[in-house]
Amino acid sequence: MSTGNGIASVLSVASAIALLVGAGACLLSPILLPWPILATFIATGTVWWWRVPRWRWLGPCLVGFGWAGLQAALVLSAQLPPSWEKRDLVIEGRIDDLPHAELRRTRFRFRVDDGNAQPEPLRGKLLQLSWYDDFDAKEPGPRMRLRAGARWKMVVQVRAPRGLSNPGGFDSERHALSQRIAATGYVREAGLARQRSKPEGIDAWREDMSARIGTVVPSASSRYVRALALGDTRGLEDRDWEILRAAGVTHLIAISGFHVGLVAGFFALIGAGLWRWVPGWARRIPRPQVAGLAGLLGAVGYATLAGFALPTTRTVLMIAVVVLARLWRRPVRVADSLALAMIAILLFDPLSMLAAGFWLSFAGVAWLAWCLPQSQHWAKGFLSAQGAATLGLLPLTVALFGQASAVGPLINLVAIPWWSLIVVPLSLIGTALEAMHAGAGGWAWRAAAWCFDLTWPLFTALAESRFALWWLPEAAWYALPLALLGAFWLLLPRGVPGKWLGVLLWLPLLWPDLESPAQGEVELLVIDVGQGLSVLVRTADHALLYDTGPAVRDGFDAGERAVVPALRALGVARLDRVVLSHGDNDHAGGFASVSALLPIGDSLTPEGSPVPANSPCVAEQSWRWEGVDFRFLHPTRHFPYLGNEASCVLRIETRHGAVLLTGDIGDVIERELVRRDPASLRAEVVLAAHHGSGGSSDPGFVAATGARLVLVSAGFANRFGHPRREVVDRWQSHGAEVLNTADSGAIRLWLGGQGLQLRERRSDQARLWDAVRLRRAATLSYRPANERPRVPED
């Protein structure tokens, strides 16, 4: 076997797929193997990959597993130890990437200096920080001086990355691992923060250029020009992203691989043109090679402007492979260049697999490379490409985002050629002219915004139609492979019999089993909303939401970020009733977002509550859904609104047992309920009142419930110390198992014919980056979780 053929077999498509499978298997594993074992995998796999032709794929598979594991272990070990949390730390370093200024805070990444003067666990580490205005501030404070590339000294309080764990929710812990973020936190003592040096570097240039676009382009579309020209999406608001997702064009609004290809093609034409004008130069270096090198130079420069995002990096690597092949006068297929790009990215950063962009980027090109013939009319080729990309990427889109755009294929028929061939080139021309001379690029930027505005109203109208966006429930793990196999089957060449049978393989993804309760049964989902409460209650045909979690003005909104995604992941498209136990923000703050995003049949809250509900909840008010009885036990009629003490206490009773939802009542109300009707308190499942505070869970109340399972909804390391140790001990001494969302994530349970069954999200979806597990390991008190679903012990 020749050297060329040997290298080709080592760096083949099969090797790329094997490397991908190995790294993916490691990152899907719930635990990390010890580093000596991972190092052995790498060494053995490397030798096998290069020296053993038989079963060569096993070599890159071992390398991928070991290399991804070592990288993950390195990043996780670098995260802030628990002993350093809740401290005021003085740090100095550089602002990394573009700061994102919002109404009352600025979010930014900060690279700490690697020197002895810095706190030991933060030296050289990347932090995700927020700088908030004072509560009584009338205008933005000194945080507005933050600039990319500037050096600052400041006081911060940080902790290891940690997020909520819910069905359909954003996994911030995985994101922190993929971005190598060692800690998250906020700036303290804003008056002590000092800028040490002026902005410098490529990010500073990007921020300055973005500011110029905002100045010279008066229309609101300037934010889209900034995104297309520089990859700066800071100006896009939540509403903008909603429209982009519903229209199916999020892949176009930021700098994509296709845009990099356009720039590379433009530079290649320039290079070839120069060589055509001076024929003598071609005697030394052939024109095709010069065109390739010029294209690669343009691609690298444009990717630098975008901060080397994954789609741009993938395209640059593919262009580099093609250019090198031309320099060596060797033919190269698209599949080969894609495989080499994947191998390069996985060897450089295997954790990039944790980002959705990795899968969409490579899968899109792979589908096109496999499906489309080499030569056909450009119009037919464009339509074929659009169809192949839509069908091939739909399973990934649904699995990654839980949604699909019905109007996306139609909009992309216009958006792809118009934006990519008109709007993007104008944006880039403006940027290039402005870089050469200040003020020269304004006309091109304004023309780009004008052209963008020609199509945007139509896209917005289509995206806002009721059928534009489909939200799909969370499916089982095997649904995605089956759907991808179905897409492969459907995209087989014409003449293959039974192609449309591939649609059947999509059913587990598009119509998953929702595990809905049967007649006379009830299901509960205690959503992980941090320090707050939100519980979904489902019967066979109805859904009730008890509280909606907290919301901070101009900040985190649990209704939007946790509750609604969880409901959609479980297939709940409509709420028949919402009960807001009382008006405190941690229970009712997310109501506005929930009511805006989902239809609600009815809403109840105590008389006098500041929450705008339809009617009051009153003791003895009751109803029945599918053989399940609902009855309020508190507040009684004419009971004054006293905040926590006026909470709606709801009893849910089935023939298999009962559930008691208690809101924030204290021990005074608990004792009153015991005195008034102790039999109504008997329940298998009880929501601990007031997040397990010391002023609730009265001993008499605990004894009266006889609970087998007690649920606590509390935030991690909250300042109130909920749940109190004595409260947990009190419930446990009466034979109850106590679960806390801070440790378990979302808690899902069923009360039905098979008894009481439950799942804890963090155990059921165990991942090696799980913050609870890492913290337990750091404090030497980790205990492996049981299998789920399970039945709590009596």
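Note that the coordinates shown come from a computational prediction; the quantities given were computed from them, not determined experimentally. In this chain, numbering begins with 1 at the start of the sequence shown.
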Identify the residue among [options] that makes a side chain to side chain contact (heavy atoms under 4.5 Å, CB included) with [X].
X: Leu661; options: Val649, Val685, Ile652; value: Ile652
X: Arg671; options: Asp667, Ile669, Val674; value: Asp667
X: Leu711; options: Val686, Val738, Asn740, Leu749; value: Leu749

Salt bridge or not between [X] and [Y]? Use side-chain N to carboxylate O under 4.0 Å.
X: Arg773; Y: Glu173; result: no
X: Glu670; Y: Arg730; result: no
X: Glu653; Y: Arg631; result: no

Short question: side chain of [X], backbone of [Y] - any donor-acceptor pair under 3.5 Å?
X: Tyr641; Y: Gly583; value: yes
X: Thr548; Y: Phe591; value: yes
X: Glu560; Y: Ser593; value: no
X: His656; Y: Gln754; value: no
X: Arg87; Y: Ser83; value: yes
X: Asn166; Y: Ile527; value: no
X: Glu474; Y: Gly402; value: no
X: Thr741; Y: Ala714; value: yes
X: Ser534; Y: Asp547; value: yes
X: Ser603; Y: Asn614; value: yes

Closest approach of [X] to [Y] (non-hydrogen atoms, all atoms of both residues):
X: Ala688; Y: Thr662; answer: C-OG1, 3.7 Å
X: Gly694; Y: Val727; answer: CA-CG2, 4.1 Å
X: Arg748; Y: Arg538; answer: NH2-NH2, 3.5 Å
X: Arg682; Y: Gly706; answer: NH1-CA, 3.6 Å
X: Ile181; Y: Pro161; answer: O-CG, 3.5 Å
X: Val659; Y: Leu751; answer: CG2-CD2, 4.1 Å

Fill in: Sole residue of Arg776, Arg761, Arg762 in salt bridge (charged side-chain N to carboxylate O under 4.0 Å, His left out) with Asp770
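When salt bridge (charged side-chain N to carboxylate O under 4.0 Å, His left out) is applied between Asp770 and each of Arg776, Arg761, Arg762, only Arg762 qualifies.
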Worksheet entry | Derivation of the side chain to side chain donor-acceptor pair (under 3.5 Å) call for Ser744 and Glu760 | CA-CA 5 Å; Ser744 302; Glu760 301 166 68; 2.6 Å; yes
Quick one, [X] and [Y] - any side-chain contact, counting heavy atoms below 4.5 Å?
X: Tyr186; Y: Arg105; result: no
X: Leu354; Y: Leu27; result: yes
X: Ile665; Y: Ser696; result: no
X: Val772; Y: Arg162; result: yes
X: His175; Y: Gln128; result: no
X: Leu480; Y: Pro395; result: yes
X: Glu521; Y: Trp750; result: no
X: Arg174; Y: Arg767; result: no

[X], [atom1] atom: more than 12 neighbouring heavy atoms under 6.0 Å:
X: Glu726; atom1: CD; result: yes
X: Arg719; atom1: CZ; result: no
X: Glu607; atom1: CD; result: no

Discussion item. Tell me every residue that passes ring pair (Phe, Tyr, Trp, His ring centres under 6.0 Å) with Trp625, counting only those two or more places apart in sequence or in another chain.
Written reply: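 Residues passing ring pair (Phe, Tyr, Trp, His ring centres under 6.0 Å) with Trp625: His542, Trp623, Phe630.
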Item to complete: Could you pull out all residues at least two apart from Trp769 that satisfy ring pair (Phe, Tyr, Trp, His ring centres under 6.0 Å)?
Response: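 Ring pair (Phe, Tyr, Trp, His ring centres under 6.0 Å) check on Trp769 returns nothing, list empty.
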Item to complete: Evaluate the side chain to side chain contact (heavy atoms under 4.5 Å, CB included) criterion for residues Val710 and Val728: first the C-alpha distance (whole Å), next the side-chain angles of each, then the deciding distance (0.1 Å), finally the verdict.
Response: CA-CA 9 Å; Val710 174; Val728 174; over 6 Å; no
Can you tell me how far the [atom1] atom of [X] sits from the [atom2] atom of [Y], to the nearest 0.5 Å?
X: Glu242; Y: Leu469; atom1: CD; atom2: CG; answer: 9.5 Å
X: Thr605; Y: Leu580; atom1: OG1; atom2: CG; answer: 5.0 Å
X: Ser647; Y: Leu633; atom1: OG; atom2: CG; answer: 12.5 Å
X: Leu129; Y: Gln157; atom1: CG; atom2: CD; answer: 12.0 Å
X: Asp584; Y: Asn644; atom1: CG; atom2: CG; answer: 5.0 Å

Discussion item. Among His587, His582, His722, which residue satisfies the ring pair (Phe, Tyr, Trp, His ring centres under 6.0 Å) criterion with His690?
Written reply: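 Looking at His587, His582, His722, the match for His690 under the ring pair (Phe, Tyr, Trp, His ring centres under 6.0 Å) is His722.
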Donor-acceptor side-chain pairing of [X] and [Y] below 3.5 angstrom:
X: Asn718; Y: His691; value: no
X: Asp528; Y: Ser165; value: no
X: Arg724; Y: Ser697; value: no

Item to complete: Any chance you could lay out the side chain to side chain contact (heavy atoms under 4.5 Å, CB included) test for Glu672 and Glu645, step after step, and finish with the verdict?
Response: CA-CA 11 Å; Glu672 172 62 21; Glu645 306 303 339; over 6 Å; no
Worksheet item: According to the interplanar angle, ranging from 0 to 90°, do the rings of Trp731 and Phe701 count as parallel (below 30°), tilted (30 to 60°) or perpendicular (above 60°)?
Response: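 Because their plane-to-plane angle is over 60°, the rings of Trp731 and Phe701 count as perpendicular.
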